[in-house]
Protein chains: 2
Amino acid sequence: MITNNKNRGSIERITCQKEIILDYLKSVKTHPSAELIFREVRKKLPRISQGTVYRILNNLKNKDKVKAISVGGITHFDGDVSSHAHFICQECHNIYDIFDICQECQIIKEQKLKVGKIKNYQIYFYGYCKKCRAKMPRLPKKDSNRK
Amino acid sequence: MITNNKNRGSIERITCQKEIILDYLKSVKTHPSAELIFREVRKKLPRISQGTVYRILNNLKNKDKVKAISVGGITHFDGDVSSHAHFICQECHNIYDIFDICQECQIIKEQKLKVGKIKNYQIYFYGYCKKCRAKMPRLPKKDSNRK
DNA sequence: TTTATTATTAGTAATCATTATTATTTAAAT
DNA sequence: ATTTAAATAATAATGATTACTAATAATAAA
Ligand SMILES: [Mn+2]
Ligand SMILES: [Mn+2]
Ligand SMILES: [Zn+2]
Ligand SMILES: [Zn+2]
């Protein structure tokens with residue numbers, strides 16, 4: 001029999017795994033990795049698997065309910081999809097929000113016209129955060145081979 | 001016997017592996033991954049190993065002779081360290097240069113004052129490049145689970 | 001030039017994040 | 001209640017990157 005489902009294709013089911021992951025991401029102000037999300041969510045859902053976390057995070061990303069931030073080969077997730085930039089500390093690797101960026105900066109507007117269909121953009125600032133700079137006696141050496 | 005080497009610590013040796021990798025990165029206008037660099041450089045140095053390529057790329061990055069661009073979990077490298085942004089195609093995953101960004105945009109200047117020591121920044125634009133848009137019959141579907 | 005020192009390399013094994021697979025469970029439509 | 005396929009848990013596999021180690025080679029010292 002032909003389904004009368006309005007939205008053709010697959011139907012999306014509401015599961016507690018999905019809700020708890022999204023709730024967690026919206027509750028924190030940090031930018032956790034899939035691995036950390038897995039560890040945290042497992043406190044509420046002890047039987048959840050890593051694969052489920054990765055798959056749900058991918059779904060949420062594809063539905064624009066979360067944003068993915070790739071830092072040093074590791075994907076971090078942001079439950080805040082509002083327009084903002086990020087500051088990445090090169091020492092502790094924490095990711096901080098920068099909200100006071102002009103919402104639609106001139107360069108963004110210009111690029112949207114020039115290159116064509118720009119769906120979105122990301123701005124990353126790199127440096128050493130206040131906490132880390134407080135701990136540093138001097139400027140850190142450059143040639144460490146640490147990733 | 002005590003060495004009279006001026007710069008304390010390890011001395012950097014010039015090797016052809018190092019030179020050929022850097023030359024290759026400076027010769028191309030693309031943004032190759034370590035794996036592609038390995039395949040290309042092996043044409044000139046058939047005995048070079050993957051580990052060497054990764055290590056040298058890390059060295060060059062730490063010496064600010066190349067830039068690293070993390071896209072979808074894969075690190076790409078840029079032999080052009082001048083200030084420019086990138087456009088990443090969500091279909092073919094190619095990385096294009098955007099040079100006509102204002103060198104020291106206002107938002108950057110503001111942030112440098114607010115957050116503190118900002119060493120550098122990166123701006124990524126996402127969308128579908130001209131080539132890929134030409135091939136598309138319609139706008140691509142959203143909910144593909146492809147990474 | 002010859003020898004000594006040690007950074008660098010080649011080859012390979014190991015690690016880590018992420019994805020694929022598959023049998024089972026379960027939300028929701030009928 | 002029965003049916004159907006989306007979603008899950010558990011686990012295996014993959015792929016990028018790093019670690020290890022013995023051999024090599026660039027530079028310094030003799
Ligand atoms: Mn954020
Ligand atoms: Mn570039
Ligand atoms: Zn820090
Ligand atoms: Zn493209």
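In what follows, chains are A, B, ... by sequence order, proteins preceding strands, each numbered from 1.
One interatomic measurement links the two molecules: CG of A:L36 to P of C:dC16, which rounds to 17 Å at whole-angstrom precision. One interatomic measurement links the two molecules: CZ of A:R47 to C1' of C:dT25, which rounds to 11 Å at whole-angstrom precision. The separation between B:Q50 atom CD and D:dA16 atom P is 9 Å, rounded to whole Å. Distance, B:I14 CD1 to D:dT24 P: 23 Å, rounded to whole Å. Taking atom CD1 on A:I74 and atom P on C:dC16, their separation rounds to 11 Å, with Å as the unit. Counting to the nearest Å, the C1' atom of C:dT8 and the CG atom of B:L57 are 15 Å from each other. Between the C1' atom of C:dA7 and the NZ atom of B:K63 lies a distance of 12 Å, rounded to the nearest Å. Rounded to whole Å, the distance from CG on A:N59 to C1' on C:dT18 is 15 Å.
Residue A:E12 has its side chain nearest to D:dA7 when only C:dG11, D:dA7, D:dT8 are considered. Closest to the side chain of A:I56, from the set C:dA17, D:dT8, D:dT17, is D:dT8. Checking C:dT9, D:dT27, C:dT18 against every side-chain atom of B:R13, the shortest atom distance belongs to D:dT27. Considering only the side chain of B:T52, C:dT9 comes nearest among C:dT9, C:dA28, D:dT8.
Contact annotation: B:S49 side-chain N/O to C:dT12 OP1/OP2 distance is not under 4.0 Å. Contact between the side-chain N/O atoms of B:Q17 and the OP1/OP2 oxygens of D:dA25 is not found at any separation under 4.0 Å. For A:Y54, no side-chain nitrogen or oxygen approaches OP1 or OP2 of C:dT19 to under 4.0 Å.
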Carefully, step by step, assess A:K61 and A:K67 under the rule side-chain contact (heavy atoms from CB on, under 4.5 Å).
CA-CA 6 Å; A:K61 185 185 71 183; A:K67 281 208 169 189; over 6 Å; no
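For the side chain to side chain contact (heavy atoms under 4.5 Å, CB included) test with B:P32, the passing option among B:I95, B:I37, B:V41, B:D78 is B:I37; the others fail.
Expressed to the nearest 0.5 Å, how far NZ of B:K43 lies from CZ of B:F38 amounts to 12.5 Å.
Applying the 3.5 Å distance criterion, the base of C:dT19 shares no donor-acceptor pair with the side chain of A:R55.
Both B:A34 and A:T15 lie near DNA chain D, and the one whose nearest nucleotide falls closer to the 5' end is A:T15. Between B:K18 and B:G51, the residue anchored nearer the 5' end of DNA chain C, judged by the nucleotide with its closest heavy atom, is B:K18.
When all heavy atoms of A:E91 and A:Y128 are compared, the closest pair comes out as CB-CD2, 3.7 Å. In plain terms, the two heavy atoms of B:A68 and B:Y124 that are nearest each other are O-OH, 4.4 Å.
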